[in-house]
Amino acid sequence: MKERLRKIIIDAAKQAHVAGILHTDVFAGAVVEAPNVEAHGDFATNFAMANASVLKKPPRKIAGIILEHIDDPDGIIEKFEIAGPGFINFFIRPSAWHPILCDIHEKKETYGASDIGRNKKVQVEFVSANPTGPLHVGHGRGAVVGDSLASILAFCQYAVTREYYINDNGRQIDTLTLGRSVHARCRELSGRDVTFPEDGYKGDYVYDIARDLLEKDGENLFAPEETGSADAVINRCAEFAAAGILAGIRTDLECLGIRFDVWFSEKGLYESGKVRDIMEALKLDGRVYEKDGALWFKSSDYGDEKDRVVVRSNGQTTYFASDIAYHRDKFDRGFDRVVDVWGADHHGYVPRLSAAIDAMGYDRECFKVILVHLVNLLRDNVQIAMSTRAGEFTTLKDVVDEVGSDAARFIFLTRHHESPLDFDLDLAKKKTNDNPVYYVQYVHARISSILKKAEADGCAAPKAGIAPDLSGLNTVEDVRLMKHLSRYPGIIETAALMMEPHRVAYFLMELAAAFHAYYNKHRVLTDDPDMTVARLYLVSAVAVVIKNGLNLLGVFAPESM
RNA sequence: GCGCCUGUAGCUCAGCCGGAUAGAGCAACGGACUUCUAAUCCGUAGGUCGCAGGUUCGAAUCCUGCCAGGCGCGCCA
């Protein structure tokens with residue numbers, strides 16, 4: 001609709017040029033948009049104002065000229081007016097909205113899909129939490145944002161791969177700390193004396209792991225240390241723990257409806273020599289140098305504030321080194337666009353990785369980091385403290401068990417990802433309109449209920465492929481709903497381009513509000529068969545879009561509640 | 001100290017690649033169920049868009065400088 005109007009306006013301006021009234025037919029960029037005040041019509045354009053200086057005429061005068069040359073062959077415009085400093089407002093004839101409904105019924109679950117992706121390969125890497133403890137709500141937010149973003153991109157014809165990067169390189173300090181923590185608990189559980197590591201993981205889950213491991217390995221866990229080589233045992237503990245925790249992470253994510261296409265192993269990067277290879281390549285190119293016994297990458301040559309260590313003086317590589325290799329591997333796998341979803345506390349890491357991507361000869365513009373801000377978990381309006389190491393936290397699993405996947409997912413998407421989010425457990429469980437997820441789902445349930453009743457009453461359902469007579473859909477509320485539905489494809493496209501999945505959630509809340517208002521004002525099932533069929537056609541289109549949108553957010557669209 | 005993010009109604013937040021009278025929900029107050037689900041709706045009230053400049057016909061939106069909060073500034077991740 002917007003596009004059609006845009007064309008009508010430009011054509012009118014060109015006509016005016018042909019008629020010799022305007023001295024040029026090269027115009028400045030102008031927009032057609034839906035005004036926020038209904039009195040200003042269905043659409044408005046700032047064309048006249050934007051072109052005032054180009055055309056050297058006052059805006060209102062230009063607007064008048066445009067209107068005189070408007071050609072509207074399909075008669076979609078009911079009336080237009082010049083308003084304010086030079087806006088042109090268009091009022092669309094109610095019947096001009098009807099084709100939207102046919103479009104929705106025709107496309108169903110693909111309504112709103114866009115082809116802007118053109119099959120370009122995109123990778124979305126998200127969560128990627130270290131397997132040192134269960135996921136907490138902060139991870140959950142990143143998981144949901146990443147997963148929904150991936151769905152939206154896929155819907156826009158990007159070829160999407162969802163990937164989880166596992167920090168399973170056994171030499172990392174975190175993993176070893178975990179190993180020592182588990183081993184200490186094993187000693188404790190078997191009645192041995194123990195000094196728990198100061199920096200160890202204190203969470204209860206460490207006991208669970210220790211118990212499992214004791215059952216499996218028994219005394220073997222203690223024999224070697226008495227002969228003086230404890231390393232092997234600690235490694236055993238670390239690997240056992242990490243594997244168990246990772247399996248738990250996987251199940252927790254599945255409970256949120258999240259599955260990955262690829263679980264990418266950091267260890268694999270070392271084993272295949274990819275870390276060594278890229279380090280040597282960078283050395284040859286002079287991108288890394290030695291100083292103080294360590295190896296440094298010249299990230300400051302590429303916009304970072306300082307150079308960064310890739311190999312420490314003790315010979316150990318840093319995470320940065322494997323991240324460089326990892327991102328090279330991503331681009332080498334042919335991804336046109338690489339998206340990383342990180343916690344916002346890692347934002348300082350962005351410049352160095354961008355620098356590395358640049359230095360390796362890839363386009364840093366193809367690399368995008370989505371920074372997801374922290375989550376405050378609230379119960380009874382009191383913040384619940386969270387610290388993995390201290391073991392004080394409510395896990396993601398606890399939260400999902402308590403409030404359900406749908407509520408959790410939806411709430412994670414009710415903020416822009418760069419805004420901090422208060423996750424209110426009490427609110428998430430409330431089954432009222434305070435809770436946006438039920439508010440939206442209720443629309444689907446209500447419509448399903450109407451459709452069932454219509455069927456039971458023997459109402460003639462709209463025939464497949466043939467639109468019923470829709471001329472009855474002409475009230476303000478009918479038009480509001482249709483207008484809303486027509487905005488959906490644009491919302492999807494913006495959400496994909498800006499990588500902002502929350503836009504879909506907000507759209508759904510607004511559509512839900514429009515529907516609930518409609519429901520309270522108009523009956524769908526009436527004595528008038530034509531009207532009934534037309535309204536059934538309308539509300540079932542609403543249900544299609546609600547389900548379609550919820551699906552992108554990974555939220556279920558129930559038929560009854 | 002430097003960098004990034006945030007600052008919009010009493011509360012929680014949308015809107016931010018410039019548009020008209022800044023929106024929603026909650027909380028407050030007043031209404032609507034013999035009706036397709038009241039997990040809903042309608043109405044009232046509520047604002048120096050952190051502050052100050054600048055650019056523009058026009059700024060919540062862009063630029064600069066301040067203020068406040070969060071996060072980050074390791075041969076940790």
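The figures that follow rest on heavy atoms only: side chains count, while hydrogens, waters and symmetry mates do not. Below, read A as the first sequence line, B as the second, and so on, with proteins coming before strands; counting in each chain starts at 1. Worth saying up front: this structure is predicted, and the values here are computed from it rather than measured.
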Re B:C36: Watson-Crick or G-U wobble partner, both distances kept under 3.5 Å, found to be none

B:A9 pairs with, by Watson-Crick or G-U criteria that keep both distances under 3.5 Å: none

Between B:G3 and A:H347, counting only base atoms on the nucleotide and side-chain atoms on the residue, is there a donor-acceptor pair under 3.5 Å? yes

Does any N or O donor sit under 3.5 Å from an N or O acceptor when you compare the side chain of A:N46 with the base of B:G19? yes

Is any side-chain N of the basic residue among A:E163 and A:K330 closer than 4.0 Å to the acidic one's carboxylate O? no

Confirm from the modelled atom types if A:S313 and B:C75 form a donor-acceptor pair under 3.5 Å, side chain to base only. yes

Taking the same atom, C1', in B:G1 and in B:C57, what whole-Å distance lies between them? 43 Å

Near-ring test A:F515/A:H484, centroid separation under 6.0 angstrom: no

Whether A:F87 stacks on the six-membered ring of B:G19 base, 5.5 Å and 30° limits: no

Please figure out whether A:L371 or A:L421 has its closest RNA chain B nucleotide nearer the 5' end. A:L371

State whether the aromatic ring of A:H40 stacks on the base of B:A20, taking stacking to mean ring centres under 5.5 Å apart and ring planes under 30° to each other. yes

For B:G31 and B:U6, measure between their C1' atoms and round to the nearest Å. 39 Å

Which listed nucleotide (B:U12, B:A39, B:G15) is nearest to the side chain of A:Y438? B:A39

Counting the atoms with a prime plus P, OP1 and OP2 as sugar-phosphate, which does A:Q441 contact under 4.0 Å by heavy atoms, base, sugar-phosphate, or nothing? nothing

Looking only at side-chain atoms of A:L525, point me to the closest of B:C36, B:C41, B:A77. B:C36

So is the aromatic ring of A:H346 stacked onto the base of B:G72, judging by whether the centres are under 5.5 Å apart and the planes are under 30° apart? no

Is a donor from one side chain sitting under 3.5 angstrom from an acceptor on the other, for A:Y518 and A:R480? no

In whole angstrom, give me the gap between the P atoms of B:A32 and B:A38. 16 Å

Among B:G15, B:A39, B:A77, the one nearest any side-chain atom of A:R312 is B:A77

Paired with B:C49: which nucleotide, if any, by Watson-Crick or G-U wobble criteria at under 3.5 Å for both distances? none

Which of B:G74, B:A77, B:C36 is nearest the side chain of A:K306? It is B:G74

Identify which nucleotide among B:A38, B:C16, B:U35 has an atom closest to any side-chain atom of A:R503, counting heavy atoms from C-beta outward. B:C16

Mapping A:V309 and A:M49 to their closest nucleotides on RNA chain B, which lands nearer the 5' end? A:M49

C1' atom, B:G69 versus B:C33: distance in rounded Å? 46 Å

Rounding to an integer number of angstrom, what distance separates B:C51 and B:U8 when you compare their C1' atoms? 14 Å

One thing to verify: whether A:R364 and A:D358 come together as a salt bridge, which I'm taking to mean a side-chain N less than 4.0 angstrom from a carboxylate O. yes

Is there a Watson-Crick or G-U wobble partner for B:A28 with both distances under 3.5 Å, and which nucleotide is it? B:U44

Side-chain ion pair, A:D424 and A:K430, N-O less than 4.0 Å: no

